[in-house]
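Side chains are part of it too, since the values below use all heavy atoms of this structure and drop only hydrogens, waters and symmetry mates.
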Amino acid sequence: MPVPTPAPTPVATPAPSPSVAPAVKRKIGEKRSTLAVKVEDPLAVAVADLDADGRAEIVVLGARELVVFALEADALSERARVRLDEPPAPIRSRSRTGALLITALDGEPGVSILARTSDGASGARFAWKAAEKTAGTLVPGTLVKRGPLTYYPLAAVGAPGKRRVAVTDLTPGRDSFEAKHVFFLPADANPESPAALPEELYALEASTVGATVFWGAVDLAGTLLIYKGQLDKADGKLGNVGYAFEIVDLDGDGAPEVVTTDAAAPGGPDQVIIRRMRGATPAGSIARFSSKFGIVSVSSGDPDGDGVPAVFALARRNGKAELMVIE
């Protein structure tokens with residue numbers, strides 16, 4: 001799908017969450033590890049299988065760099081790193097904001113990595129070139145720039161050939177955006193009506209579980225609104241949450257769980273909370289995992305190809321960063 005340039009300016013959200021439904025229901029949160037992340041001012045994480053080998057890579061967006069990792073022996077192994085060299089933004093948000101979305105775009109081979117931060121006047125679209133042997137020498141994988149990105153990507157929905165990408169502009173000088181500035185690409189797509197969205201938001205994401213799309217939106221009061229199918233009315237809500245969240249089937253029963261964080265001060269102690277959902281309504285918590293750092297982004301994926309998705313929570317404090325992995 002060609003992306004128009006210039007376009008409105010893309011906040012950071014990963015592509016629709018994978019839905020894995022084996023016959024045996026799994027327990028959630030049996031294993032937790034915390035890994036050091038060597039990324040300058042990390043803002044967002046997204047997890048996706050970039051090279052179609054059955055094992056998802058972990059992509060971390062920093063204020064001025066994009067880094068690809070693999071999870072090996074309970075440690076992060078760096079695969080590629082690229083600087084974001086776009087000109088500085090004329091007006092920056094009051095706190096740094098990152099937008100990261102990995103999705104297949106109609107008209108482009110493989111998957112595209114859409115990355116934008118509030119530090120830059122624009123962002124960029126990247127492709128992943130997998131490692132290969134040339135004349136007997138192994139050439140490492142690398143990120144290849146596909147073109148500029150003049151908006152903040154939010155979510156991707158729809159099957160190949162009918163893919164729609166929700167994008168937005170940030171409110172100048174702020175780390176939030178207005179619902180009236182949410183739109184879909186391509187421009188001739190039949191978009192969900194955003195009429196039921198809050199007037200201003202910190203986050204908007206979409207996840208596909210089975211055949212159902214679940215939308216989530218976090219308003220400025222820290223309320224997560226959940227929409228099942230369309231954005232015409234909220235079907236469930238949960239208060240006192242942070243802007244980092246994920247809706248995904250973690251236990252393989254075909255029904256989604258919702259992963260949220262606290263509405264904590266930036267950089268302060270935080271926690272990941274996993275709850276069951278009844279329809280689109282969050283129910284009782286299944287597990288809680290605390291962090292000494294503030295969590296800025298949550299994603300999910302299968303990093304080792306065992307068919308079990310893991311939760312990845314990116315946290316930072318005083319320039320340091322860590323990645324919590326929950327399986």
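Taken to the nearest 0.5 Å, the CE atom of Met277 stands 10.0 Å off from the CG atom of Leu238.
Under 4.0 Å is where a charged nitrogen must lie from a carboxylate oxygen, and between Arg276 and Asp251 at least one such pair does. Between Arg316 and Glu40 no salt bridge is recorded (no basic side-chain N to carboxylate O distance below 4.0 Å). A salt bridge is defined here as a Lys NZ or Arg NE, NH1 or NH2 lying under 4.0 Å from an Asp or Glu carboxylate O, and Asp235 with Arg278 fails to meet this definition. At a threshold of 4.0 Å, the pair Glu57-Arg79 does not count as salt-bridged, since none of the basic side-chain nitrogens sits closer than that to a carboxylate oxygen. With respect to Arg55 and Asp302, no salt bridge is recorded, no charged nitrogen being found less than 4.0 Å from a carboxylate O.
Of the possible polar contacts, one joining the Arg163 side chain to the Ala104 backbone as a donor-acceptor pair under 3.5 Å is found. With hydrogens and angles ignored, the 3.5 Å screen pairs no side-chain donor or acceptor of Glu86 with any backbone N or O of Gly120. Counting only distance, with no hydrogens or angles, the side chain of Arg64 and the backbone of Leu84 share a donor-acceptor pair below 3.5 Å. Using modelled atom types, no side-chain atom of Ser300 and backbone atom of Ala310 make a donor-acceptor pair closer than 3.5 Å. Using modelled atom types, no side-chain atom of Asp175 and backbone atom of Ser95 make a donor-acceptor pair closer than 3.5 Å. The backbone N or O of Glu200 lies less than 3.5 Å from no partner atom in the side chain of Glu178, so there is not a single donor-acceptor pair. Proximity of a side-chain donor or acceptor of Ser299 to a complementary backbone N or O of Val47 within less than 3.5 Å is detected.
Defined by atom type and a distance below 3.5 Å, a donor-acceptor pair is missing between the side-chain atoms of Arg288 and Ser290. Residues Thr97 and Ser118 have side chains that never bring a donor and an acceptor to within less than 3.5 angstrom of each other. Side-chain contact check for Arg146 and Ser112: at least one donor-acceptor pair (N or O, by modelled atom type) lies under 3.5 Å. Checking Gln271 against Ser291 by side-chain atom types alone, no donor-acceptor pair falls below 3.5 Å. Remark: the Arg275 side chain and the Thr260 side chain contain an N/O donor-acceptor pair separated by less than 3.5 Å. No side-chain N or O of Asp270 forms a donor-acceptor pair with one of Thr261 less than 3.5 Å apart.
Between Trp215 and Leu225 there is no side-chain heavy-atom pair separated by less than 4.5 Å. Annotation: side chain of Arg174 is in contact with side chain of Leu220 (closest heavy-atom distance under 4.5 Å). The side-chain heavy atoms of Ile226 and Pro282, taken from C-beta on, include a pair separated by under 4.5 Å. Val296 places none of its side-chain heavy atoms less than 4.5 Å from the side chain of Val45. You'll find the side chain of Leu35 stays beyond 4.5 Å of the side chain of Val37, heavy atoms only. For the pair Val59/Leu50, a side-chain contact is recorded, criterion being any heavy-atom separation below 4.5 Å from C-beta on. Considering only heavy atoms from C-beta on, Asp304 stays 4.5 Å or farther from Leu71 through its side chain. No side-chain heavy atom of Leu314 sits less than 4.5 Å from a side-chain heavy atom of Ile295.
Relative ring orientation between Tyr243 and Tyr202 is described as tilted, the plane-to-plane angle lying within the 30° to 60° band.
Scanning both residues, Leu197 and Ala179, for their nearest heavy atoms gives CB-CB, 3.9 Å. Across Thr142 and Ala80, no two heavy atoms sit closer than the pair CA-CB, 4.1 Å. Closest approach of Ile102 to Ala48, counting heavy atoms only: CG2-CB, 3.7 Å. Between Leu61 and Ala99, the shortest heavy-atom contact is CD2-O, 3.5 Å.
Residues Val298 and Ile273 do not share a hydrophobic cluster, defined by chaining ILVMFWY side chains whose heavy atoms lie under 4.5 Å apart.
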